[in-house]
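All remarks here apply to the structure that follows.
Residue numbers begin at 1 in each chain, while the letters A, B, ... track the order of the sequences. These figures come from a predicted structure and were not determined experimentally.
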Amino acid sequence: MGKVLEKEGLHNFILSLQKHGLLIAPVTTDMTRFKVLEAGDKVELNNNPFFPLKKYFLPNEEPVLKIKNGLTKEPKLKEPKKIIFGARLCDINGLAILDKLYLDQRFVDETYKKRRENTTVIGLNCLNPPSENCFCGSMGLQKEGYDLLFHERELDYYIDVLTKKGAKLVKHLRSEEFDFPLPKTDKKLDPKDLWPFMADKFWEKDNDLCVSCQRCTILCPTCFCFDLHDDVNPATKSGDRLRTIDSCHSPDFTQVAGGHVFRAKRLQRYRHRVMHKLQFFKDKFDRSMCTGCGRCIDYCHSKIDFVKTINEDFK
Amino acid sequence: MNNPFKKEEKIKPKVAIHSITGCAGCQLVIYFIKDKLLELLGEIDLVAAPMIKGKNDEGPYDLCFVEGLVASEEDLEHLKKWREQSKVLVAWGTCATHGNVPGIKIFMDEKTVEAAVYKNRTGLKKGLKPLTPTPIEEHVKVDFSISGCPPEEIEFLRLVKHLLLQMNPVIYNEPVCVECTKREIKCLLEDGKECLGPLIRGGCDALCPGVNHGCTGCHGPLESVNIPQVMKLLEANGISEKLVKQRLQKYAGLKFEKLGVKLK
Amino acid sequence: MNIYNSKQYKILDVIKQTGDNTLLRIKCDLNPMPGQFVNVSIPGIGEAPISSASYNDKLLDLNVRIVGNVTKAMTQLKKGDEIGLRGPYGNGFPMKELKGKDLVLVGGGCGVAPLRGIIEYVDLHWKDYKDVYMFFGYRTPGDILFKDEISGWNDKYKVFLSVDQEVGANPFNCPVGFVTDNLKENKVPSNAVALMCGPPIMMTKTTEILKEKGLTEKQLYVSLERHMKCCTGKCGHCMVHGQYVCLDGPVFTYDEVKNLDE
């Protein structure tokens, strides 16, 4: 069951969300970014933000532990209520994918869990792909991971309601039953078992173009490999154990104490990223780790199009 | 309660900050740290810092920062002495690590350069014996290299902290693009501008791209970079090969040559 | 409970084993299975995964060789100090599945330490296993680990030691040569299982010889070394071919990890 909002009611609806928590939405200046909405900001309804949604759940750097007098302590969790409006299904499915790792029953990341609980995610369905490199239409996106999802129709927005948290925000609106369509994209990744294509020769062409800048991993809605390291004041022995976003494109990523680097060649690192996104994760969790947002192609310095390579050259 | 940090009575490490040919800007970074430096001063004994102290001790030093590059016999004498006197010697700043701007002389006719700066050589210090300007690691063993024109204060603090904790120091080793992307700065290279970000060691928190100025490469290159591809990207942005090569020469010409770029 | 936090445990003893190996004996009820590891925390310095060298519900032995900052800091700890640990992590050697088998332990240098957990396990469950063969190789006689326990092992198990070079006294009369030389010259039953830990070259050579002796790749278990940070299947550092060495490993059958082109 869903709800319906007339188009002219959208602006007031978004503003009304501010009374429920910190309101975050895409805003365009020199480019589109998610940000806390301030007076004068206009919510961007067309572009997908540069940096994905994950930053509100797994920031680039934060202390996971406090260090005091040579002992680690759990930091106090102060997670304000947040409402994020205007995230696309690729980013939202990205959260559902990160949930599989960060809410893994064996080792639940409490900070992540708290943020997921305290954040209301309101999606915006794509009628047209925001980028020519979007290929989510071939990545099996699910209607999951959001609290509410807005789907624009000719006269109104149909609002898909997935959670109680979301339902509270739209209880005053008219109900309707409607099966909204998932986004469609012209660009598609052929579903292929990639294991037969591990040989270097399949990766060389794209690898020659890769400059190891790590933008593809930093901007990926599902990449959050991280490093843990301590930063203390030697005088007081107090400080933080920090978690910092890391990238499998960095040569240091697989270095062990003693100096050996397991993936010393750029090609190995490039292949590992693509294989992890498209094959390794699927082998374990039965879905691709890639949601087809296209950022890793859009923002690649060399515009490496691995979708094209896989479709055309992997045979 | 016992803990791993239980401090034993120990003598504070003797630290020196010395300088050879350069602009002194790298030293200033350290002195401008102010409050955090004062905090550290409780843990170290700054025995020599001629720029800010009247009385400076000769070695032995536990840790010696050297800024500047070798451009004269006098520089070389000092450097060799500090090396002998120091347990750990740090090349501090891009002059020390890569040769920096004075190092451009290597790629030009030395007499022409000298004539342009010192008309009739009248400005030259009396008795100065110039040498081809070279980074300090060309002359002595360097334990740690921290580049930057100037280097970042956080890199000084991190290194000293790690050494005080008896750790093998970790030196930032990712391209400028990493910090730039994390800061959500609009990519200049993508915008058709000139930016050396993908080639250059970061640690500066993308200072220049953050103010809409392409990275000029003051930290010098990372070891594992795809130089030919970045050159192609720059050329595609309308930056001539000649200009790109001039840029590479500016801060770290010698290093880029070692990485296979023909600059001469 | 924050999954990255560790608990403090008391160090009961610090035993210098060799020139560069130190054994920390810790009062600890984590009781890792043989082949499992704990993540050691030295606040201010960082964390490092260390394999258990024991099988005991009251004690934990960690053999430490200085390779990085954390291991260096660990060897500076003293009896009575506390140390932060979290875990145990990893799958460990599948001791229950291996019931009724002959066990062939092959270890090189500090790779012997995790295998000692198996020995302590078998000491307690000796009825469950047939013979235990140990092929341990060290650089020199001075590098031999667990020296005080070797005569005890000799009474119960078949122990074959070797050293790369004979430097100094050789109290165990170890032949000079590689682990693999001893392995070649001695019989092991073809239905045995081999459990290996050591440098990659040792594991490769050992595998060749054991295959010649009729063991299949599924009868060979290896413990992999990777860069592990979170130890909970999130940080991605230890992943190889989709397997998290921290969760799915560190023990794999040779069959699973052969030809690992990263």
State, to 0.1 Å, how close C235(C) and C225(A) come at their nearest heavy-atom pair, and which atoms those are. O-CB, 3.1 Å
Give a yes or no on whether D57(C) atom CG has more than 12 heavy-atom contacts from other residues, nucleotides or ligands under 6.0 Å away. yes
Any N2(C) side-chain heavy atom under 4.5 Å of L65(A) side chain: yes
For the atom pair NE2 (H260(A)) and CD (E225(C)), what is the distance rounded to the nearest 0.5 Å? 8.0 Å
Nearest-0.5 Å distance that lies between atom CD1 in I3(C) and atom CD in E74(A): 10.5 Å
K205(C), NZ: over 12 other non-hydrogen atoms inside 6.0 angstrom: no
Segment of I66(C) engaging chain A (4.5 angstrom heavy-atom cut-off): neither
For K73(A), is it the side chain, the backbone, both or neither that has a heavy atom under 4.5 Å from a heavy atom of chain C? backbone
Is a side-chain N or O of K284(A) found less than 3.5 angstrom from the main chain of G242(C), in a donor-acceptor match? yes
D246(A) versus K229(C): any side-chain heavy-atom pair under 4.5 Å? no
Do the side chains of H227(C) and T254(A) get nearer than 4.5 Å, heavy atoms only? no
Taking atom CZ of R115(A) as the centre, does the number of heavy atoms from other residues, nucleotides or ligands within less than 6.0 Å exceed 12? yes
Within a 6.0 Å radius of atom NZ on K114(A), are there more than 12 heavy atoms belonging to other residues, nucleotides or ligands? no
Looking at M275(A), Q279(A), R243(A), R241(A), which makes the most heavy-atom pairs under 4.5 Å with chain C? R241(A)
Looking at every heavy atom in both L101(A) and G233(C), which two are closest together, and how far apart are they? CD2-O, 3.9 Å
Non-hydrogen atoms of chain A under 4.5 Å away: do they reach the side chain of C238(C), the backbone, both or neither? neither
With rounding to the nearest 0.5 angstrom, report the OG to CG distance, S41(C) to L228(A). 10.5 Å
With distance as the sole test, does K234(C) use its side chain to make a donor-acceptor pair with the main-chain N or O of D109(A) at under 3.5 Å? no
Part of F224(A) within contact of chain C (heavy atom distance under 4.5 Å): backbone
Should we count CZ of R287(A) as having more than 12 external heavy atoms under 6.0 Å? yes
Could you tell me which portion of D240(A) (side chain, backbone, both or neither) has an atom closer than 4.5 angstrom to a non-hydrogen atom of chain C? neither
Is there a side-chain contact between H237(C) and F262(A) (heavy atoms, below 4.5 Å)? no
Side chain / backbone / both / neither for D248(C) at chain A, heavy atoms under 4.5 Å: side chain
Please report the closest heavy-atom contact between M239(C) and H276(A), naming both atoms and the distance. CE-NE2, 3.2 Å
Residue pair D230(A) / E47(C), side-chain heavy-atom distance below 4.5 Å: no
Has F178(C) got more than 12 heavy atoms of other residues, nucleotides or ligands less than 6.0 Å from its CZ? no
Mind telling me whether Y4(C) and F226(A) have parallel, tilted or perpendicular rings, with 30° and 60° as the class edges? perpendicular
Near K192(A) NZ, under 6.0 Å, is it more than 12 heavy atoms from other residues, nucleotides or ligands? yes
